[in-house]
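The structure under discussion appears below in the form of structure tokens.
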Amino acid sequence: MRLVPSVQQLETEMTAWRRHLHANPELGFEEFETARFVADKLRSWGIETIEGVGRTGVVGTLRGRLGAGRGLGIRADMDALPMTEARPLPHASRIPGRMHGCGHDGHTTMLLGAASALARSPDFAGTVHFIFQPAEEGRGGALAMLNEGLFERFPCDEVYALHNCERPLGEIAVHHETVAAAADRFEIVVHGRGGHAAMPHLAINPLPSAARILLAIEALPGRLTDVHSPAIVTVGGLRAGEAFNTIPDAAFLTGTVRTFDHQVQKTLETAIRRIAKNEAEAFGASVDIRYETPFAPTINTPA
């Protein structure tokens, strides 16, 4: 892969930006210093900049010197993850329990590099909007920007984005049609009745119901869905009880559903709700279900 010379010239600066961002990670909707860093850079290059789009999002607008044309959006995310960095790097996270473990520091740096290179030589027709999105990690930052009129305020005929991955250095993969799944989240609380482990007949143990629910819902893909429409149900957490000789009042399951198709998404949600309710009621327990569908599939146009 050959880099554009104007971008290659920014390598030293971009390395410094990325290490600064990596050392100072912020969670979704808390990217105050990150947003300020981004906005200051954009303004220093003469790019019209609006802050606070979707709470902590930033949008920079650059108009080409060759007149009217298409409106293009280029998007990157800015938030970090709630995790502790283990590597003793010179630019390791300075904030305990916060780390750019998903590479959004790199995404932000790449978009800043593109903005800097284009601002130095805006030899194009049309407008470019540099969209710095907050809260990608499950907190709905894209939706927050859309709800505040992102594309009405910054019209885009096309939008481009990327995500880092573990591919060989210099290699880029481009997908057509569906590239990323919808990411649903659920929490199922099985309510029983606590008691002593030696007297289970006087209690309603929520754990057997929770275990049956876990096994049943993880088996749904391939039973309810066509093999040509991929789907995944994963329970990532099962929590209940504190002692070996007691029966808890409740058990908690949390997980995710990933689908490429809206109808499959609805089918699995309905099935998960039905299974959870039926399995709990079969043993005299009850359930509360919180099911969220914050992210639709990402579907690229082939062009």
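As a basis for the values below, the full set of heavy atoms in this structure was taken, side chains included, without hydrogen atoms, waters or symmetry mates.
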Problem - R70, CZ: over 12 other non-hydrogen atoms inside 6.0 angstrom - result: no
Handout entry: Cluster link I204 to I247, ILVMFWY, side chain under 4.5 Å
Key = no
Exercise for the section: With sequence neighbours excluded, tell me which residues meet side chain to side chain contact (heavy atoms under 4.5 Å, CB included) with E13. Expected result: L10, W17, R120
Practice task
With sequence neighbours left out, write down each residue that passes side chain to side chain donor-acceptor pair (under 3.5 Å) with D77, or none if nothing qualifies.
Solution key: R75, H104, H107
Exercise for the section: Might you confirm whether atom CD of E11 has over 12 heavy atoms from other residues, nucleotides or ligands at distances under 6.0 Å? Expected result: no
Exercise for the section: Please say whether more than 12 non-hydrogen atoms of neighbouring residues, nucleotides or ligands are located less than 6.0 Å from CD1 in I232. Expected result: no
Problem - Cluster link V53 to V159, ILVMFWY, side chain under 4.5 Å - result: yes
Problem - T56 and E31 side chains, donor-acceptor separation under 3.5 Å - result: yes
Problem - Flag if over 12 foreign heavy atoms under 6.0 Å of CZ, R153 - result: yes
Handout entry: Derivation and outcome, side chain to side chain donor-acceptor pair (under 3.5 Å), residues T61 and R63
Key = CA-CA 7 Å; T61 298; R63 293 173 177 82; 5.4 Å; no
Exercise for the section: Evaluate whether atom CZ of R65 has more than 12 neighbouring non-hydrogen atoms of other residues, nucleotides or ligands under 6.0 angstrom away. Expected result: yes
Handout entry: Donor-acceptor pair between T34 and E26 side chains, under 3.5 angstrom
Key = yes
Practice task
Going by the side chain to side chain contact (heavy atoms under 4.5 Å, CB included) test, name the single residue among E33, R43, M78 that passes it with V38.
Solution key: M78
Exercise for the section: Any pair with a residue in residues 56-91 that passes ring pair (Phe, Tyr, Trp, His ring centres under 6.0 Å), sequence neighbours left out, goes on the list, sorted by first then second residue, please. Expected result: H22-H91
Problem - Donor-acceptor under 3.5 Å (N164 side chain, C102 main chain) - result: yes
Fill in the blank from the handout: Distance col, row H196:NE2 vs L202:CG, nearest 0.5 angstrom, shows 11.0 Å
Problem - Cation-pi, F29 ring and R55 (6.0 angstrom, 45 degrees) - result: yes
Practice task
In sequence, state the C-alpha distance, the side-chain angles, and the governing distance for D261 and T259, and then conclude on side chain to side chain donor-acceptor pair (under 3.5 Å).
Solution key: CA-CA 6 Å; D261 180 86; T259 54; over 6 Å; no
Practice task
Give the cluster check for L268 versus F260: same hydrophobic cluster or not, with ILVMFWY residues linked at side-chain heavy-atom distances below 4.5 Å.
Solution key: no
